[in-house]
Structure formats: structure tokens, C-alpha cells
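To find a chain, count down the sequence lines: A is the first, B the second, and so on, and within it residues start at 1.
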Number of protein chains: 2
Amino acid sequence: MSVADRRANFTKIAHRLIYEKGYKATTMRDIAQNMGCDVANIYNYTKSKESILEQSLFDTSAIFHEGIKKLMRNELTPKEKLIEIIKLHVTISYERPYQAAFLIDEWRHLSNEKLNLFLKERHQYESWIFDIFNTGIMSNDFRIIDPKIASITFLSSIRWVHNQFVNGSSPKQRIELEVHLTNCIIGGYCS
Amino acid sequence: MSVADRRANFTKIAHRLIYEKGYKATTMRDIAQNMGCDVANIYNYTKSKESILEQSLFDTSAIFHEGIKKLMRNELTPKEKLIEIIKLHVTISYERPYQAAFLIDEWRHLSNEKLNLFLKERHQYESWIFDIFNTGIMSNDFRIIDPKIASITFLSSIRWVHNQFVNGSSPKQRIELEVHLTNCIIGGYCS
DNA sequence: GTCTATAATTCGATAGAC
DNA sequence: GTCTATCGAATTATAGAC
């Protein structure tokens with residue numbers, strides 16, 4: 001196994017354990033045991049426990065930001081933007097379900113300096129979503145709703161998708177989920 | 001201060017800290033410090049750290065179950081049932097925001113036996129929601145959507161409400177949130 | 001009820017031999 | 001890169017004096 005493969009294997013195992021048990025409840029000894037080696041070896045792959053979390057959070061945050069920046073540049077209607085954002089979340093949650101979960105559950109375990117930086121990024125992301133709703137309500141693309149509550153509710157409604165992918169899913173299952181989820185959120189429940 | 005008041009104060013402080021830092025990251029010393037006493041005194045109010053979490057989870061789970069059982073007995077349309085469930089979640093999240101959060105974030109730190117019991121209760125609750133969607137789709141009250149994905153999305157979309165209440169809110173703010181949230185979820189976003 | 005003291009364990013991380 | 005051994009700190013929880 002190459003060095004790169006070993007590192008990838010370590011990251012995968014560490015992320016899975018942190019997802020299953022939570023960051024605080026996952027010990028370096030847990031990770032070592034699942035790697036089949038001793039605790040000391042873990043520090044060949046990471047300089048500290050926190051850096052595992054830190055790298056995952058900021059890497060994945062950057063991917064979300066790239067995605068939303070790209071679709072905000074396109075000339076899409078507010079409704080089309082929401083559809084693209086659903087697709088973005090499903091895609092990222094499919095490709096890295098554990099790390100998508102950390103953005104929701106584990107960010108608070110960052111140390112203070114990193115925490116502030118992360119919250120800044122998150123707030124910026126939420127602002128983009130808010131702007132879409134605010135614009136869409138003004139332009140009558142959306143109904144008369146509270147833009148703040150709508151944007152929070154929208155983000156919350158797609159915050160479970162990663163759970164569907166943690167045990168492995170096929171590309172077909174990904175597409176199906178995306179279609180049904182979009183149908184629910186964009187079309188609404190009631191006829 | 002009476003014995004009951006001291007216990008209530010302990011519970012409130014413990015729940016606030018667990019909400020803010022997470023169960024694993026909250027130490028008995030943290031709680032003691034916020035109570036203004038020594039660690040040993042904490043064990044006058046609880047027999048263990050886990051029993052704090054355990055009692056909160058099962059108490060609040062029972063309240064959710066009581067609420068949904070009551071509204072399922074009524075002869076309401078599926079749509080009216082969803083509206084009542086939104087109201088139920090807003091009400092409980094308003095009255096005990098920390099404990100509502102534990103049902104989402106902290107249940108996994110229960111010990112094995114208690115964990116299985118909790119998951120059983122949660123699954124039953126989710127089944128009731130699923131049944132509402134399943135029935136509503138058949139009866140044409142709802143659009144043609146995937147009932148499984150719809151029920152998960154619905155529950156996820158109201159899973160943020162407690163955050164709005166953790167720093168204290170007026171009854172008027174509660175009503176406003178309930179109205180706007182119901183408008184978003186039942187009416188949908190798009191016109 | 002309050003405290004001091006401490007037991008028993010576990011944690012992240014490092015030193016150093018191979 | 002692997003291991004053994006261990007450090008220093010922090011954890012839950014208890015014993016026992018006041």
C-alpha cells in the first residue's frame with residue numbers, strides 16, 4: 001500500500017468513527033484499533049486530533065462555497081437556484097457523507113480562532129441563501145413568506161441527506177433521492 | 001432557596017451547558033463551576049452524568065409522544081395533522097429548547113440498553129409521521145411525492161426551531177415563528 | 001448540604017529503541 | 001514506519017470530615 005493510500009485509509013477510518021461516535025467520544029486509540037496499529041502510529045498521519053476535524057471542516061466548507069458561487073453567477077431564476085442548491089448538497093453529501101455531517105454536528109469542537117473563522121464562512125453561506133429568498137419574494141417567484149424563516153427552513157430540510165449515503169449508495173440511488181427531494185421541497189407537500 | 005428550586009436550578013444549568021458544549025465536552029466540573037460549588041456537590045442532585053441526559057431524553061420524548069397521540073385521535077385531515085405537528089414541535093421547543101436539542105444531537109451518548117429503547121421510541125414517532133404522508137398521498141390531500149422522503153424532509157425542516165428559543169423568547173415571538181413556519185412548510189415556497 | 005482529598009481510569013501526545 | 005513505555009493532565013465518582 002502506497003503512502004497516499006495509507007493516508008486515505010486513515011482519513012476514511014477516522015472520519016467514519018467521528019461520524020459514528022462523535023468527535024469528543026472518538027479517541028486516538030479508537031482510530032488506532034480500527035487501523036490495526038498502535039496509538040503512536042496515528043501521529044504519522046496527523047499532527048493532532050483536532051487537525052483531523054479542522055482539515056475536514058474547512059475543505060468541505062470550501063467545496064460548498066465553490067459550488068454556490070458558481071451557481072450564483074449563472075442567470076438563473078430564484079427557483080432554479082434552489083434546485084441547483086439541492087443538487088449541490090446531494091452531490092457533496094453523496095461524495096463525502098461523513099464530512100458533510102461534521103459541518104452540522106462537529107464544528108463546535110474547533111478551538112476558538114478556527115471556530116470564529118468557520119462561523120464566518122457559515123454565515124456567509126447562509127446569507128447567500130437568504131438573498132435568494134429575499135429576491136425571489138420581491139420578484140414574485142416565491143409566495144409571501146418570511147425570507148429569514150424560509151431560508152433557515154430550506155437549509156434545514158436538506159440537512160439529513162448525508163445519512164442516506166453513509167453506508168454506501170449507488171449513483172442511481174443518488175439521482176432518485178435528488179429527484180424526490182427536489183419534488184418535495186420545490187413543489188411542496190399539498191395539492 | 002427550597003430544595004425543589006435548587007434541583008430546578010441545577011437542571012437548568014446542566015442542560016444549558018450540555019446544549020452549548022455538547023454532552024461529552026461538558027464536565028461535572030463545568031456544571032459545578034456554573035453552580036458556584038464544588039464537583040462533589042453535583043452528586044446531591046444527580047446520581048451520575050449520564051442520568052442527566054437519560055432523564056431529559058425520555059421525559060421529552062414522552063411529551064412528544066403524548067402530543068402526537070392526542071392529535072392522531074382527532075379526525076383531522078392529513079394537512080391539518082401536519083399543521084398540528086408543527087405547532088407541537090414549536091410549543092415543546094419553546095418550553096424546553098435545550099431538551100428538544102438533545103433529542104437531535106445527544107441521544108447517541110446513551111448507554112446501550114437505554115439507547116435501544118430510545119431508538120425504538122424515535123422510530124415509532126417517525127412511523128406516525130410517515131403514515132400521515134402515506135395516507136395523505138393516497139387520499140389526494142398531498143401531491144404525488146415519495147412518502148418516506150417527504151416525512152424525513154418534513155421532520156428535518158422543523159428541527160431547527162429550538163435554536164430560536166434558547167436565549168429566551170416572548171409568547172408573541174413564539175406565535176410569530178409558528179405562523180411563518182407553517183406558512184413556509186404547508187404553503188411551500190413557490191407561487 | 002458543603003468542602004478536601006483522592007481513587008481509578010482514560011485521554012492526547014511524546015520519547016526512544018528497533 | 002512500527003512498537004513499548006510513559007508523561008502529565010483531565011475525567012467520573014466516592015469517602016469522609018465539618
Side-chain angles (χ1 to χ4, degrees), chain A residues 1-58 98 102 105-115, chain B residues 1-57 102 105-115:
Chain A
M1 206 188 279
S2 72
V3 178
D5 285 346
R6 285 173 182 276
R7 288 193 77 91
N9 186 43
F10 158 75
T11 303
K12 189 178 173 182
I13 287 174
H15 287 177
R16 178 176 60 80
L17 286 170
I18 295 174
Y19 169 80
E20 288 173 354
K21 301 162 67 87
Y23 173 75
K24 275 284 178 183
T26 302
T27 69
M28 298 301 254
R29 284 167 176 81
D30 286 331
I31 301 173
Q33 196 171 17
N34 277 269
M35 295 261 298
C37 67
D38 197 83
V39 202
N41 296 62
I42 300 297
Y43 293 90
N44 294 327
Y45 303 105
T46 183
K47 84 170 207 290
S48 69
K49 183 185 175 186
E50 192 185 346
S51 75
I52 303 173
L53 180 64
E54 185 187 314
Q55 205 163 74
S56 164
L57 285 172
F58 286 102
Y98 303 138
F102 301 163
D105 293 327
E106 307 295 354
W107 55 266
R108 64 172 153 184
H109 296 115
L110 287 173
S111 62
N112 273 352
E113 332 123 52
K114 306 286 181 177
L115 180 62
Chain B
M1 207 189 276
S2 71
V3 177
D5 285 346
R6 284 174 182 275
R7 288 193 77 91
N9 186 44
F10 159 75
T11 303
K12 189 177 173 182
I13 287 173
H15 286 177
R16 178 177 59 79
L17 286 171
I18 294 174
Y19 170 79
E20 288 172 355
K21 302 160 67 87
Y23 173 75
K24 276 285 180 183
T26 301
T27 68
M28 298 301 252
R29 282 171 177 78
D30 286 330
I31 300 173
Q33 196 172 18
N34 278 267
M35 296 261 297
C37 67
D38 196 84
V39 201
N41 296 63
I42 299 298
Y43 294 89
N44 293 328
Y45 303 105
T46 182
K47 86 170 206 290
S48 70
K49 184 185 173 186
E50 192 185 345
S51 76
I52 304 173
L53 180 64
E54 184 187 315
Q55 205 163 74
S56 165
L57 285 172
F102 300 163
D105 293 328
E106 308 294 354
W107 55 267
R108 64 174 153 182
H109 297 114
L110 287 173
S111 61
N112 273 352
E113 332 124 51
K114 306 286 179 178
L115 180 61

Measure the acute angle between the ring planes of Phe10(A) and Tyr45(A), then classify it against the limits of 30° and 60° as parallel, tilted or perpendicular.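 Taking Tyr45(A) first and then Phe10(A), their aromatic rings lie parallel (interplane angle under 30°).
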Tell me the interatomic distance from [X], atom [atom1], to [N], atom [atom2], rounded to whole angstroms.
{"X": "Lys24(B)", "N": "dA10(D)", "atom1": "NZ", "atom2": "C1'", "value": "13 Å"}
{"X": "Met28(A)", "N": "dC3(D)", "atom1": "CE", "atom2": "P", "value": "15 Å"}
{"X": "Ile52(A)", "N": "dC11(C)", "atom1": "CD1", "atom2": "P", "value": "14 Å"}
{"X": "Gln33(B)", "N": "dA10(D)", "atom1": "CD", "atom2": "C1'", "value": "14 Å"}

For the atom pair CG (Leu110(A)) and CZ (Phe58(A)), what is the distance rounded to the nearest 0.5 Å?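 Output value for this atom pair is 5.5 Å.
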Looking at Glu20(B), I want to see if its CD is surrounded by more than 12 non-hydrogen atoms of other residues, nucleotides or ligands under 6.0 Å.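 Count over threshold, so yes.
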Mark yes or no for whether Ser56(B), through its side chain, and Ile52(B), through its backbone, hold a donor-acceptor pair below 3.5 Å.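 Between the backbone of Ile52(B) and the side chain of Ser56(B) there is no qualifying donor-acceptor contact (under 3.5 Å).
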Look only at the side chain of Thr26(B) and the backbone of Leu17(B), and say whether a donor-acceptor pair between them is shorter than 3.5 Å.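 Yes: the side chain of Thr26(B) pairs with the backbone of Leu17(B).
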If you look only at distance, which donor and acceptor atoms sit under 3.5 Å apart when one is on a side chain in residues 30-39 of chain B and the other is two or more places apart or in another chain?
from	atom 1	to	atom 2	distance (Å)
Asp30(B)	OD2	Thr27(B)	N	3.0
Asp30(B)	OD2	Thr27(B)	OG1	3.2
Asn34(B)	OD1	Arg16(B)	NH2	3.1
Asn34(B)	ND2	Asp30(B)	O	2.9
Asp38(B)	OD2	Ala40(B)	N	3.3

Please check the phosphate of dG1(C) (OP1 and OP2 only) for any side-chain N or O of Arg7(B) closer than 4.0 Å.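 No, because none of the side-chain N or O atoms of Arg7(B) sits under 4.0 Å from OP1 or OP2 of dG1(C).
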Could one point to a donor on the side chain of Arg6(A) or the base of dG1(D) with an acceptor on the other under 3.5 Å away?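 Absent.
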Which residues within residues 34-50 of chain B lie with some heavy atom under 4.0 Å of an atom in DNA chain C?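 Cys37(B), Asp38(B), Ala40(B), Asn41(B), Asn44(B), Tyr45(B) - these, ordered by number, are the residues of the stretch whose heavy atoms sit under 4.0 Å from the strand.
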